[in-house]
Every structure is written in structure tokens, then in C-alpha cells.
Amino acid sequence: KAGVTQTPRYLIKTRGQQVTLSCSPISGHRSVSWYQQTPGQGLQFLFEYFSETQRNKGNFPGRFSGRQFSNSRSEMNVSTLELGDSALYLCASSEGNGVGPQHFGDGTRLSIL
Amino acid sequence: EDKVVQSPLSLVVHEGDTVTLNCSYEVTNFRSLLWYKQEKKAPTFLFMLTSSGIEKKSGRLSSILDKKELFSILNITATQTGDSAIYLCADQGAQKLVFGQGTRLTINP
């Protein structure tokens, strides 16, 4: 079974731009969660989608948004990029029923210049 | 607010040593506690603990949960250089994981 796939692996943007990250979950997984990892704050929860609906959201500004498609693939968008948005963005998938663990992709490393 | 605290934050040992990593949690709606290992990229899943007092084991790694005292430990016996990584514990609450700061484990040959 293929794991969680995230694209692109690396991205360099400048302040003020916007970016879209993509995540394909493990086959059969209906829940996709997004996390931001930085050296200072560690791993922080952004949001979770299940069957195209956002079920939970972390404490991030409205510039961070996401969506999920009918095939469970998910995208995350960050608008008006700031230097502090430089981070590793991780996507995780699970069955969504709270029984099984979340499995992570390799992440997208976003650098803001 | 849910909180997960790991200790120590950093640990350096020699190959062959046994290590114990700690994780305490304060959460309002506990469901399960998870351990992950992170090397350079994705955190990889190690254990999921839901019941108190039942040890989960995989090779040289084992973990146990104490729901009364709100903590978990991860043990690694006969450590190898390949065990060098950041070990993360997380509470799996309502559709999200709340992570601790992680323990950076370094195994010297």
C-alpha cells in the first residue's frame, strides 16, 4: 500500500505570494490532517478534513485554508505569505474514526524569502 | 488547553545502553496516546496506547500507558546508532494530534 504523498517536496516563495500544497492519503483513508513544524513551536495542528468537510481547526490565521476532494486528496493554501510561514508542512491520513493512528507524508519544506 | 510534555528534551547515550523517554499529558477528552519516531522527514508511527497498564512491544522498543497518573514511557533496549532520532508523543483527541516538544536521542558508537 502506498503511503501518504505530498507535493511538492520543496518550495521557495517570497513575502506576499500565495502557495498551494497537495496531499494524497493512503488508499482507503478518508481523513486528512495538516500540521506545521518549526524549530521553535514544534508540530502544530492546522486543520482536519473528513469526507470533504472540515471537522477541526487549529489556532492559525485565516490566511491558512484547506479543502478536500471527493477522492480524499487534500490541498492546503497559504495566502499573503510571511517570513514566519517558513516551515515543514506535514500531511497525515487516517481512517477517520479515531481508532487507528495517523500516518504522515514526508512533508513540503516551504521557505519564504 | 490540552498539553503534552516530554522529558528529557535531549539525551545522549552509548550504543548498547537502555533508554527511557517520558511523556505526560493533560487533556480534556483523552482517547489515545501515540509515539512517533522522526529522523529527517516524516514522523513514523511506533505505538498507539489506549488502555492503561498494557505494554505494547516491537522488537527492542516497548511502551506503556498509565491513565491514572497521565503519563507514558517509551523504552529502547540495546540501543543502536540507527535509533538516533527525535521521538514524539502525541495525544489523539478530537480529530487532531497534540504533540509534545519531542526528545532528541543521540546514540554514540
Side-chain angles (χ1 to χ4, degrees), chain A residues 1-10 23-26 29-51 53-60 66 68 74 88-109, chain B residues 1-10 21-51 54 56 58 61 63 65 72 74 85-105:
Chain A
K1 218 178 204 183
V4 178
T5 304
Q6 291 188 246
T7 57
R9 293 293 314 282
Y10 302 93
C23 173
S24 293
I26 291 171
H29 284 187
R30 295 168 64 189
S31 169
V32 173
S33 299
W34 289 89
Y35 297 84
Q36 181 196 65
Q37 187 173 31
T38 59
Q41 299 298 319
L43 267 155
Q44 292 188 292
F45 171 75
L46 282 156
F47 27 66
E48 187 260 0
Y49 287 87
F50 180 84
S51 293
T53 300
Q54 186 183 89
R55 292 196 298 187
N56 205 344
K57 189 178 189 305
N59 296 325
F60 279 82
Q68 186 181 35
S74 177
L88 179 66
Y89 289 89
L90 291 161
C91 165
S93 77
S94 69
E95 294 171 358
N97 53 12
V99 174
Q102 295 186 19
H103 295 276
F104 285 84
D106 284 344
T108 294
R109 172 77 60 187
Chain B
E1 190 174 320
D2 293 352
K3 192 175 178 183
V4 177
V5 177
Q6 292 185 245
S7 65
L9 295 182
S10 181
L21 310 183
N22 304 294
C23 175
S24 65
Y25 60 93
E26 295 177 26
V27 298
T28 53
N29 196 14
F30 178 82
R31 297 184 72 173
S32 56
L33 190 125
L34 285 77
W35 284 95
Y36 289 87
K37 175 183 180 182
Q38 186 174 28
E39 296 175 84
K40 292 179 181 170
K41 296 179 285 189
T44 53
F45 170 71
L46 295 174
F47 297 112
M48 183 174 185
L49 304 157
T50 54
S51 300
I54 297 175
K56 292 276 183 98
S58 175
L61 279 66
S63 184
L65 176 69
S72 173
L74 175 68
I86 295 174
Y87 290 84
L88 297 158
C89 76
D91 159 64
Q92 179 162 277
Q95 302 104 30
K96 70 176 185 180
L97 294 174
V98 175
F99 283 89
Q101 321 94 299
T103 293
R104 182 179 293 277
L105 177 64

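Only heavy atoms go into these numbers, but all of them, side chains included; no hydrogens, no water, no symmetry mates.
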Exercise for review: Let me know if A:Leu90 has heavy atoms under 4.5 Å from chain B in its side chain, its backbone, both or neither.
Suggested key: side chain
Exercise for review: Side chain from CB out, backbone as N, CA, C, O: work out which of these in B:Leu88 comes under 4.5 Å of a heavy atom of chain A, or both, or neither.
Suggested key: side chain
Point to revise | Pair B:Phe45 + A:Phe104: ring centers closer than 6.0 Å | key: no
Exercise for review: Under 4.5 Å heavy-atom distance to chain A, tell me which part of B:Leu97 shows up: side chain, backbone, both or neither.
Suggested key: both
Point to revise | Under 4.5 Å from a heavy atom of chain A, the part of B:Phe47 involved | key: neither
Check your understanding: Got A:Phe45 and B:Phe99 here, is their nearest side-chain heavy-atom distance under 4.5 Å?
Key -> no
Review point. Looking at side-chain heavy atoms only, is the closest gap between A:Gln37 and B:Gln38 below 4.5 Å?
Key: yes
Practice item. Could you check which of A:Ser33, A:Gly3, A:Gly100 has the highest count of heavy-atom pairs closer than 4.5 Å to chain B? Key: A:Gly100
Check your understanding: Quick one: are A:Arg9 and B:Lys41 in side-chain contact, heavy atoms under 4.5 Å?
Key -> yes
**Study point:** Proximal component of A:Phe47, with respect to chain B [non-hydrogen, under 4.5 Å]
**Key:** neither
Exercise for review: Would you mind checking which part of B:Gln92 comes under 4.5 Å of any heavy atom in chain A, side chain (CB onward), backbone (N, CA, C, O), both or neither?
Suggested key: side chain
Check your understanding: How far does CG of A:Asn59 sit from CD of B:Glu1, to the nearest 0.5 angstrom?
Key -> 6.5 Å
Check your understanding: Heavy-atom count around A:Gln54 CD within 6.0 Å, excluding the residue itself: above 12?
Key -> yes
Check your understanding: Looking at side-chain heavy atoms only, is the closest gap between A:Gln102 and B:Tyr36 below 4.5 Å?
Key -> yes
Check your understanding: Would the number of heavy atoms belonging to other residues, nucleotides or ligands and lying under 6.0 Å from CZ of A:Arg55 be above 12?
Key -> yes
Review point. Where do A:Gly105 and B:Ala42 come nearest, in terms of heavy atoms and distance?
Key: O-CB, 2.9 Å
